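Please read the structure below before turning to the comments.
Heavy atoms only: backbone and side chains are in, while hydrogens, waters and symmetry mates are out. No experiment lies behind these values; they were computed from the predicted model shown.
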Amino acid sequence: MKKIVIFASGSGTNAENIIKHFKSTNTATVVSVFTNNPKAYVIERAKNLQVPIEIFTKDELNSNKILQKLNVFQPDLIVLAGFLLKFPENIIAQYQDKIINVHPALLPKYGGKGMYGSNVHKAVVENKEKETGITIHYVNENYDEGNIVFQKKVTVLVTDTPEVVAEKIHELEQKHFPSVIEQILK
């Protein structure tokens, strides 16, 4: 069975969805959730689903400490699900083409430093975009520039607020992220 490690910084709805999805398959299992936020709700979600948690600081992430902890698990895939720190080059180098991220826009639009969550949705609405969506991509040393694996579009209505756009994006993530991970692992 393949092994997945999830990195998350926030509430963890995508992490929970991925964990639940793989509990019902023989493809893979989530062996740990890593977080840089000791107050993140993803910790409770993971505990409730009996998935081990690793909490770390930004300094630990940028040292070899987290790489060493990852190596203990020997993951087949590292999934960034709402992880807000820049991923370190030492981990990227060792896990080349084994790290993916979900981005709440159609890259290359609305990517880069500071473009996450509500910042993206506000920009989409302010720029009167007619569509947005999700992009699942491999992680490289630059924010949101890795090779694109999957994109799914959704219409943005002129009446949509950033909050409505966020709900549409969340629905796409919940529906597509686990199945795309499964395809990558096959």
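Remark: K65 pairs with E60 by the salt bridge (charged side-chain N to carboxylate O under 4.0 Å, His left out) rule, at least two apart or across chains. With sequence neighbours excluded, the residues forming a salt bridge (charged side-chain N to carboxylate O under 4.0 Å, His left out) with K168 are D160, listed by chain and number. Contacts of E141 classified as side chain to side chain contact (heavy atoms under 4.5 Å, CB included), with partners at least two apart in sequence or in another chain: E89. Scored by the side chain to side chain contact (heavy atoms under 4.5 Å, CB included) test, T27 finds F22, T25, E182, L185 as partners (sequence neighbours excluded). Here K109 pairs with E129 under the side-chain hydrogen bond (donor to acceptor under 3.5 Å, both in side chains) rule; sequence neighbours left out. P178 is linked by a side chain to side chain contact (heavy atoms under 4.5 Å, CB included) to N17, I18, H21, counting only residues two or more places apart in sequence or in another chain. For T161, the side-chain hydrogen bond (donor to acceptor under 3.5 Å, both in side chains) test picks out E163, with sequence neighbours left out. For E126, there are no salt bridge (charged side-chain N to carboxylate O under 4.0 Å, His left out) partners two or more places apart in sequence or in a different chain. Contacts of D144 classified as side chain to side chain contact (heavy atoms under 4.5 Å, CB included), with partners at least two apart in sequence or in another chain: N101, H103, L107, H137.
To the nearest 0.5 Å, the span separating CG on N71 from CD on Q94 amounts to 4.0 Å. For the atom pair CD1 (I169) and OG (S118), the distance works out to 13.0 Å, reported to the nearest 0.5 Å. A distance of 14.5 Å separates NZ of K152 from CD of E173, quoted to the nearest 0.5 Å. Interatomic distance, D59 CG to I66 CD1, rounded to the nearest 0.5 Å: 11.0 Å. Residue H170 holds its NE2 atom at 9.5 Å from CD of E167, rounded to the nearest 0.5 Å. In this structure, I43 CD1 and T35 OG1 are separated by 5.5 Å, a value rounded to the nearest 0.5 Å.
Nearest heavy atom pair, residue H121 against residue P104, reads CE1-CB, 3.7 Å. Smallest separation of non-hydrogen atoms from S63 and N90: O-ND2, 3.3 Å. Shortest non-hydrogen contact noted between I4 and A28 is CD1-CB, 3.8 Å. The shortest heavy-atom contact between A15 and A81 is N-CB, 4.3 Å.
For T135 (side chain) and A105 (main-chain N/O), a donor-acceptor pair under 3.5 Å exists by modelled atom type. Distance alone, capped at 3.5 Å, places no donor-acceptor pair between the K58 side chain and the L85 backbone.
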Verify side-chain contact (heavy atoms from CB on, under 4.5 Å) between F34 and I78, making sure each step is shown before the conclusion. CA-CA 10 Å; F34 283 55; I78 298 168; over 6 Å; no
Given Q174 and N14, is the side-chain contact (heavy atoms from CB on, under 4.5 Å) satisfied, shown in steps? CA-CA 6 Å; Q174 294 285 297; N14 278 323; 3.1 Å; yes
Apply the test side-chain contact (heavy atoms from CB on, under 4.5 Å) to residues V33 and I19: give CA-CA distance (whole Å), side-chain angles for both, the deciding distance (0.1 Å), then the verdict. CA-CA 10 Å; V33 171; I19 294 165; 4.0 Å; yes
Go through I134 and F177 one step at a time and tell me if the side-chain contact (heavy atoms from CB on, under 4.5 Å) criterion holds. CA-CA 9 Å; I134 61 170; F177 204 10; 5.9 Å; no
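Sequence neighbours left out, not one pair with a member in residues 72-87 passes salt bridge (Lys or Arg N to Asp or Glu O under 4.0 Å). Legend: salt bridge (Lys or Arg N to Asp or Glu O under 4.0 Å) pairs involving residues 18-32, not counting sequence neighbours, sorted by first then second residue: E16-K20.
In this structure the side chain of L67 reaches within 4.5 angstrom of the side chain of Y95, judged on heavy atoms. Side-chain contact between N36 and F83 is present, with at least one heavy-atom pair separated by less than 4.5 Å. Side-chain atoms of K98 and P75, non-hydrogen and from C-beta on, never get closer than 4.5 Å to each other. Taking 4.5 Å as the limit, some side-chain heavy atom of L61 sits within range of a side-chain heavy atom of I91.
Under a hydrophobic clustering in which Ile, Leu, Val, Met, Phe, Trp and Tyr are joined whenever their side-chain heavy atoms come within less than 4.5 Å, directly or via other members, L77 and V31 fall into different clusters. Both I181 and V149 are members of a single hydrophobic cluster when ILVMFWY side chains are connected at heavy-atom separations under 4.5 Å. Criterion: ILVMFWY side-chain heavy atoms under 4.5 Å apart, direct or through other members. Under it, F150 and I6 are part of a common hydrophobic cluster. Clustering ILVMFWY residues whenever any of their side-chain heavy atoms sit less than 4.5 angstrom apart, transitively, puts Y116 in a cluster other than the one holding L106. One hydrophobic cluster holds both M115 and Y138 under the rule that ILVMFWY side chains link at heavy-atom gaps under 4.5 Å.
Ring planes of F7 and F87: perpendicular class, angle over 60° (limits at 30 and 60°).
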Let me check something: any side-chain donor-acceptor pairs from residues 46-56 under 3.5 Å, sequence neighbours excluded? List them with distances.
from, atom 1, to, atom 2, distance (Å)
N48, ND2, E44, O, 3.2
Q50, NE2, N48, O, 3.2
E54, OE1, K69, NZ, 2.9

